[in-house]
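What follows is one structure encoded as structure tokens, with my remarks underneath.
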Amino acid sequence: MSLDITFLGTGSAYPSPSRGASALVLRREGQCWLFDCGEGTQTQLMRSHLRAARITKIFITHLHGDHFFGLPGLLCTLSLQSTPDSSKAPLDIYGPLGLRSFLWRSLELSHCQLLFPYTVHELVPTPDQCPAEEFRDFSGLDRDRDSAQGPPGRVLRLAPGESSYVLLEDEQLVLQAFRLFHRVPSFGFVLHEKPRPGRLNVQKLKHLG
């Protein structure tokens with residue numbers, strides 16, 4: 001399995017002319033996975049050797065603006081570069097609870113109709129992930145309103161006795177999220193490559209004794 005990492009931004013709090021806000025791209029098997037999408041990420045992508053159209057998954061660590069304010073703009077630009085295709089797999093977006101409402105409201109208010117499908121998978125935080133006075137329960141956002149028109153996706157809760165959320169798994173790897181302590185609920189992401197059994201050349205082993 002081939003993996004390649006590109007840092008698009010490592011700045012904190014706000015972007016600068018020489019240093020973008022938080023954004024990192026993991027390239028795997030021809031796909032690009034974006035981790036965080038601070039303001040200006042799409043501009044950084046244009047300056048890089050990467051193709052934004054190859055992004056198939058986006059992971060947001062937490063809902064501080066320098067980690068996700070670039071997301072609505074990136075989605076709109078991707079849409080402008082797309083053609084309608086009902087058979088296209090949706091763009092998967094993972095992040096803390098509240099991200100679905102933010103994206104849906106941002107796109108609705110800006111009259112942006114994406115030409116590709118997307119799903120938002122929300123991680124439900126626990127109160128011990130941040131100072132008590134900073135914890136907000138976003139589980140009721142848009143309840144009993146038009147949220148059914150918003151993007152589909154899963155709501156992932158931490159199972160009893162478990163310490164991580166399993167986001168996806170295939171024959172090569174497992175991707176999990178785990179809780180971090182920060183000023184607001186925050187998540188880290190860890191990618192485990194599965195063991196790959198080797199192949200023994202029995203005849204050569206016999207020859208070597």
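Everything numeric in this text was worked out from a predicted model, so none of it was measured.
Taking both residues in full, the closest heavy atoms of Cys130 and Arg183 are given as CB-O, 3.6 Å, listed atom of the first, atom of the second, then distance. Shown here for Ser82 and Phe116, the closest heavy-atom pair between the two residues is OG-CD2, 3.9 Å. The shortest heavy-atom contact between Ser106 and Ser110 is O-OG, 2.7 Å. Closest approach of Leu123 and Phe189 over heavy atoms only: CD1-CE2, 4.4 Å. Pro185 approaches Pro125 most closely through the heavy-atom pair CB-CB, 3.5 Å. Here the closest heavy-atom approach between residue Leu97 and residue Phe138 is recorded as O-CD1, 3.5 Å.
Through direct or relayed side-chain contacts under 4.5 Å between Ile, Leu, Val, Met, Phe, Trp and Tyr, Leu180 connects to Phe178, Val190.
Shown here is Tyr14, whose OH atom has no more than 12 heavy atoms of other residues, nucleotides or ligands within 6.0 Å. Residue Arg154 places its CZ atom among more than 12 non-hydrogen atoms of other residues, nucleotides or ligands, all under 6.0 Å distant.
A search for side chain to side chain contact (heavy atoms under 4.5 Å, CB included) contacts involving Arg27 returns Asp4, Val25, Cys32, His49, Leu50, not counting sequence neighbours. Taking Asp128 as the reference, Arg179 meet the salt bridge (Lys or Arg N to Asp or Glu O under 4.0 Å) condition, with sequence neighbours excluded. Not counting sequence neighbours, the partners of Ser101 by the side chain to side chain donor-acceptor pair (under 3.5 Å) test are Asp142. Residues satisfying the ring pair (Phe, Tyr, Trp, His ring centres under 6.0 Å) criterion with His62, sequence neighbours excluded, are His64, His67, His182. Residues forming a ring pair (Phe, Tyr, Trp, His ring centres under 6.0 Å) with Phe187 (at least two apart in sequence, or on another chain): Tyr165. Considering only residues two or more places apart in sequence or on other chains, Phe102 meets the ring pair (Phe, Tyr, Trp, His ring centres under 6.0 Å) condition with Phe68. With sequence neighbours left out, the salt bridge (Lys or Arg N to Asp or Glu O under 4.0 Å) criterion links Glu39 to no other residue. Applying the salt bridge (Lys or Arg N to Asp or Glu O under 4.0 Å) criterion to Asp92, with sequence neighbours excluded, gives Lys57. The salt bridge (Lys or Arg N to Asp or Glu O under 4.0 Å) test applied to Glu162 returns no partner, not counting sequence neighbours.
Taken to the nearest 0.5 Å, the CD1 atom of Ile60 stands 10.5 Å off from the CZ atom of Phe35. A distance of 11.0 Å separates CD in Glu122 from CD1 in Ile93, rounded to the nearest 0.5 Å. If you take CG on Leu71 and CG on Leu103, they are separated by 4.5 Å, rounding to the nearest 0.5 Å.
Cluster annotation: Tyr118 is connected to Leu63 through the hydrophobic network of ILVMFWY side chains, with a link wherever side-chain heavy atoms come within less than 4.5 Å.
Side-chain contact between Leu141 and Arg100 is absent, with no heavy atoms from C-beta onward closer than 4.5 Å. Side-chain contact between Leu114 and Leu91 is absent, with no heavy atoms from C-beta onward closer than 4.5 Å. Side-chain contact between Ser22 and Asp66 is absent, with no heavy-atom pair separated by less than 4.5 Å. Put simply, the side chain of Val155 reaches to within 4.5 Å of the side chain of Val124, judged on heavy atoms.
Checking each of Thr61, Val120, Leu168, Thr119 against Tyr94 for a side chain to side chain contact (heavy atoms under 4.5 Å, CB included) leaves exactly one that passes, namely Leu168.
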Which side-chain N or O atoms in residues 40-47 pair as donor and acceptor under 3.5 Å with protein atoms at least two apart or in another chain?
unit_1 : atom_1 : unit_2 : atom_2 : d
Thr41  : OG1    : Gly38  : N      : 3.2
Thr41  : OG1    : Gly38  : O      : 2.6
Gln42  : OE1    : Thr77  : OG1    : 2.4
Gln42  : NE2    : Gly73  : O      : 3.4
Gln44  : OE1    : Arg47  : NH1    : 3.0
Gln44  : NE2    : Leu8   : O      : 2.7

For residues 199-209, dump all side-chain donor-acceptor pairs below 3.5 Å to protein atoms at least two apart in sequence or in another chain.
unit_1 : atom_1 : unit_2 : atom_2 : d
Asn201 : OD1    : Gln203 : N      : 3.4
Asn201 : OD1    : Lys204 : N      : 3.0

